[in-house]
Amino acid sequence: MNMLDEAMPFKGFMTRGETVLLERTNPDTMGARFILVPFSEIASVKFIDPLKQETFEAAGFRGRLSR
């Protein structure tokens with residue numbers, strides 16, 4: 001979700017510096033399949049696929065999730 005409360009479903013991403021390139025799940029109304037978003041504009045990220053603690057640890061998160 002971005003700062004304008006818009007959900008942006010995506011199936012892939014790449015990062016560069018302070019920006020993330022999102023590959024949209026479906027093109028928007030103009031046919032755009034990719035969107036560049038600065039990290040500072042991202043208000044939240046929801047994970048709909050089941051993920052394991054190891055996935056988050058590989059991304060640098062620390063602590064314990066419930067089992």
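Since the structure is predicted, the reported quantities are computational estimates derived from the model, not experimental observations. Atom set for the values below is all heavy atoms of this structure, side chains included, hydrogens, waters and symmetry mates excluded. Positions are given from 1 along the sequence.
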K.L.:
Could you work out, with side-chain hydrogen bond (donor to acceptor under 3.5 Å, both in side chains) as the rule, every residue matching Gln53, not counting sequence neighbours?
P.N.:
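Testing Gln53 for side-chain hydrogen bond (donor to acceptor under 3.5 Å, both in side chains), a comparison that skips the adjacent residues, returns Glu57.
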
K.L.:
Restricting to side-chain contact (heavy atoms from CB on, under 4.5 Å), what partner residues turn up for Thr29, sequence neighbours left out?
P.N.:
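Counting only residues at least two positions away or on another chain, Thr29 forms no side-chain contact (heavy atoms from CB on, under 4.5 Å).
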
K.L.:
Taking salt bridge (Lys or Arg N to Asp or Glu O under 4.0 Å) as the definition, give me every residue that meets it alongside Arg62, ordered by chain and number, with sequence neighbours left out.
P.N.:
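Arg62 satisfies salt bridge (Lys or Arg N to Asp or Glu O under 4.0 Å) with no other residue.
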
K.L.:
Please round to the nearest 0.5 Å and tell me the distance separating atom CE of Met8 and atom OG1 of Thr25.
P.N.:
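Between Met8 CE and Thr25 OG1, I get 11.5 Å after rounding to 0.5 Å.
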
K.L.:
Taking C-beta and beyond as the side chain, do Ile35 and Phe10 meet within less than 4.5 Å on heavy atoms?
P.N.:
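Not in contact.
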
K.L.:
Any chance you could measure Glu41, atom CD, to Thr19, atom OG1, to the nearest 0.5 Å?
P.N.:
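It is 10.5 Å, given to the nearest 0.5 Å.
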
K.L.:
For Phe47, which residues count as a ring-ring contact (aromatic ring centres under 6.0 Å, His included) partner, sequence neighbours excluded?
P.N.:
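Expected list: Phe56.
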
K.L.:
Does Ile42 reach the side chain of Val20, with side-chain heavy atoms less than 4.5 Å apart?
P.N.:
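In short, these two side chains touch, coming nearer than 4.5 Å.
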
K.L.:
Any side-chain heavy atom of Glu18 within less than 4.5 Å of one from Pro38?
P.N.:
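A side-chain contact is absent here, since even the closest heavy-atom pair is not under 4.5 Å.
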
K.L.:
Check whether more than 12 heavy atoms from other residues, nucleotides or ligands sit under 6.0 Å from atom CZ of Phe61, and answer yes or no.
P.N.:
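For Phe61, atom CZ is not crowded (no more than 12 foreign heavy atoms under 6.0 Å).
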
K.L.:
With sequence neighbours excluded, tell me which residues meet salt bridge (Lys or Arg N to Asp or Glu O under 4.0 Å) with Arg24.
P.N.:
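Only Asp28 meet the salt bridge (Lys or Arg N to Asp or Glu O under 4.0 Å) criterion with Arg24.
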
K.L.:
So which residues get pulled into Leu21's cluster when ILVMFWY side chains under 4.5 Å apart are joined, directly or through others?
P.N.:
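Grouped by the 4.5 Å side-chain rule, Met14, Phe34, Leu36 form the rest of the cluster around Leu21.
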
